[in-house]
Amino acid sequence: MPRPRFRRSLIAYLGSVLVLAPLLAVPLALWLQTRLEDPWLAGSMSLLATLPVTLWLLRRRLQPMLRMFQALAGTALSFRDGDFSFGLAWPRRDELDELVQAHNALGQTLREQRLALTQRELLLDTMVQNTPVAMLLLSESATGDGSDGLRPVVFANLAARRLLGGGRRLEGRTLEHILADAAAPLREALERGGDGLFSVGDSDDEQVYHLARRRFRLNGRGHELLLLRTLTAELRRQEVQTWKKVIRVISHELNNSLAPIASLAHSGSELLRRSQHERLPEVFATIEERARHLEGFIRGYAHFAKLPQPRRQRMEWSEFVRRLHSQIAFAAEGPLPEAPAHLDLPQVEQALINLLKNAHESGSPAESVQLRIRAQDGGVRIEVLDRGGGMSEAVLANALVPFYSTKRSGTGLGLALAREIAEAHGGRIALRNRRNGGLCVSLLLPN
């Protein structure tokens, strides 16, 4: 163990001094004895005379070790202050040399760790500064209680400087001062609180942004991180893809209806030429059926594209379920909420008709199609349940996308319209497969 070995080394130092001291004390005592009659007095005087020499020898022997201890204490303080550039050397091959080597190895490890940390910080700073997402770190007000209403900027990357400061540094300024010169939609979005989308500019040069906020505590003080990401290019790409899909769906549906109409019109003219009038009613009926199907298809697209803002009305849930039940079959499951509904009744009614129609077309037995309405905190949960085949993971991921359909004659607008209606009410829609088969579609609507 290092401690016993160090003790033996210290004893060796002291032993060398104790060996040298008698070599000086004995000759002096003999010389004093020839001058003095009392031998005890001569011995005492010789010891007193050699004591300073002994102390000097002891100090001389221990001085290098004491200096090394002082150096170790100094470098330990340097390590505490973050300076790892010091190294020590000890000329002897003893236990103290092992301590010095361990100390130097610790310094080397700390230097390597600091270098790695510096490189990671440099990489992180490069990524943060060059990301297209504007990042703004705010500290709580100087008073700490928010009474002054000011939030100083602690950090802002290059994207934030370009967006909010014209390329100038934002650190040290307050968010309130910066927003005084910002565009009104940007200022309103940052002052409103919460996450969300907003747009800046007119229709010709509109930029769409997504704002995200995260709060945390750093060094005992509250901080807020604002992330502003431009979505204009991505939305435009998605818009182009959506229009392409719309054109493909409409072209497919038009061809499916116009081709039979053209063929039947030709057949009707041939029947007239041959005077075979008995088959004309069947031809005209088929033409009318295809034309009405096409009319309904176009009307559905127009209704989806022109969905108005909800106009909330008050109605008892029992009356709402009765009206819905008169249009499509289902089984009401569980008690209805006691509080009345405050919804755009025609819109929610249309959404539920679409969902219940899908449930009947899923292969579920008619008696297994259920409607469940339950009150929950701040709103209501409406569920449409069936015992059909459910949905695969791929279909679940795309079922709410407009124009996506797995049916040969489907338009892909039923679920998309229900989603639009739920989100227009400030709610959302969710789909999940049920245990033992079937699907559950939930509309979560706030009051």
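The figures here come from the full heavy-atom set of this structure, side chains too, leaving out hydrogens, waters and symmetry mates. Count residues from 1 along the sequence.
One distance of note links OG of Ser368 with CD of Glu333; it measures 12.0 Å at 0.5 Å rounding. We find the CZ-OG distance between Arg374 and Ser442 to be 7.5 Å, quoted to the nearest 0.5 Å. Separating the CZ atom in Arg114 from the OG1 atom in Thr109 is a distance of 13.0 Å, to the nearest 0.5 Å. Between the OH atom of Tyr209 and the CG atom of Leu228 there is a distance of 8.0 Å, given to the nearest 0.5 Å. In this structure, Leu163 CG and Ile178 CD1 are separated by 10.5 Å, a value rounded to the nearest 0.5 Å. Atoms CG and CZ, on Asp83 and Arg111 in that order, are 9.5 Å from each other to the nearest 0.5 Å.
Each of Gln350, Lys357, Glu349 was checked for a side chain to side chain donor-acceptor pair (under 3.5 Å) with Gln327, and the lone residue meeting it is Glu349. Checked against Glu121 for a side chain to side chain contact (heavy atoms under 4.5 Å, CB included), the options Asp125, Leu117, Leu124 give a single hit: Leu117.
When side chains are defined from C-beta on, Arg434 counts as touching Leu385, because their heavy atoms get closer than 4.5 Å. Proximity of Leu415 to Asn354: side-chain heavy atoms (C-beta onward) are nowhere separated by under 4.5 Å. Between Met391 and Asn433 the shortest side-chain heavy-atom distance falls below 4.5 Å. Residues Phe320 and Leu343 form no side-chain contact, since every pair of their non-hydrogen atoms from C-beta on lies 4.5 Å or further apart. When side chains are defined from C-beta on, Leu186 counts as touching Leu164, because their heavy atoms get closer than 4.5 Å. You'll find the side chain of Leu352 reaches within 4.5 Å of the side chain of Leu324, heavy atoms only. Here the side chains of Trp317 and Ile382 are in contact, with some heavy-atom distance below 4.5 Å. Side-chain contact between Leu137 and Phe216 is present, with heavy atoms from C-beta onward closer than 4.5 Å.
For the pair Ala422 and Leu443, the tightest heavy-atom approach, listed with the atom from each and the gap, is CB-CD2, 3.9 Å. Here the closest non-hydrogen pair linking Ala89 and Val100 is N-CG1, 4.1 Å. Across all their heavy atoms, Met135 and Ala160 have their closest contact at O-CB, 3.5 Å. Listed here is the closest heavy atom pair of Gln207 and Thr230: OE1-OG1, 3.8 Å. Arg312 and His342 get closest at one heavy-atom pair: NH1-O, 2.8 Å. Closest approach of Ala156 and Leu136 over heavy atoms only: CB-CD1, 3.5 Å.
Under the 3.5 Å distance criterion, the side-chain polar atoms of Thr75 are left unmatched by any main-chain donor or acceptor of Ser78. A distance-only check finds a donor-acceptor pair linking the side chain of His360 to the backbone of Ala329 [under 3.5 Å]. A distance-only check finds a donor-acceptor pair linking the side chain of Arg387 to the backbone of Gly437 [under 3.5 Å]. A donor-acceptor pair under 3.5 Å links the side-chain atoms of Ser269 to the main chain of His266, judged by distance alone. A donor-acceptor pair is defined here as one N or O able to donate and one able to accept, closer than 3.5 Å; such a pair exists between the side chain of Glu176 and the backbone of Arg151. Within the 3.5 Å criterion, the main-chain N or O of Asp386 finds no donor-acceptor partner in the side chain of Ser364.
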* **Steps toward salt bridge (Lys or Arg N to Asp or Glu O under 4.0 Å) verdict (Glu423, Arg428)** => CA-CA 5 Å; Glu423 293 180 353; Arg428 61 187 179 90; over 6 Å; no
* Stepwise side-chain contact (heavy atoms from CB on, under 4.5 Å) test for His425 and Asp344 -> CA-CA 8 Å; His425 280 76; Asp344 187 313; 3.5 Å; yes
* To do: Would you check, one step at a time, whether the test side-chain contact (heavy atoms from CB on, under 4.5 Å) holds for Val154 with Glu171?
  => CA-CA 5 Å; Val154 178; Glu171 289 81 358; over 6 Å; no
* To do: Give the C-alpha distance, both sets of side-chain angles, the deciding distance and a yes or no for side-chain contact (heavy atoms from CB on, under 4.5 Å) between Leu179 and Leu175.
  => CA-CA 6 Å; Leu179 293 180; Leu175 179 64; 3.8 Å; yes
* Kindly indicate, with the supporting measurements, whether the criterion salt bridge (Lys or Arg N to Asp or Glu O under 4.0 Å) is fulfilled by Arg381 and Glu383. => CA-CA 6 Å; Arg381 186 185 192 97; Glu383 296 179 336; 2.9 Å; yes
* Asked: Does the pair Leu444 and Gln376 meet the rule for a side-chain contact (heavy atoms from CB on, under 4.5 Å), with working shown?
  -> CA-CA 9 Å; Leu444 300 107; Gln376 61 179 25; 3.5 Å; yes
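Note on Arg323 versus Glu319: no salt bridge recorded, every NZ/NE/NH1/NH2 to OD/OE distance being 4.0 Å or above. At a threshold of 4.0 Å, the pair Glu224-Arg213 counts as salt-bridged, since one of the basic side-chain nitrogens sits closer than that to a carboxylate oxygen.
In this structure, Glu338 places its CD atom where only 12 or fewer heavy-atom neighbours from other residues, nucleotides or ligands lie under 6.0 Å away. Around atom NE2 of His325, more than 12 heavy atoms belonging to other residues, nucleotides or ligands sit under 6.0 Å away. No more than 12 heavy atoms of other residues, nucleotides or ligands shown are found within 6.0 angstrom of CD on Glu282.
Counted by atom type alone, Asn104 and Gln108 present zero donor-acceptor pairs between their side chains at under 3.5 Å.
For an aromatic pair to be called close, the ring centres must be under 6.0 Å apart, and Phe79 with His103 satisfies this.
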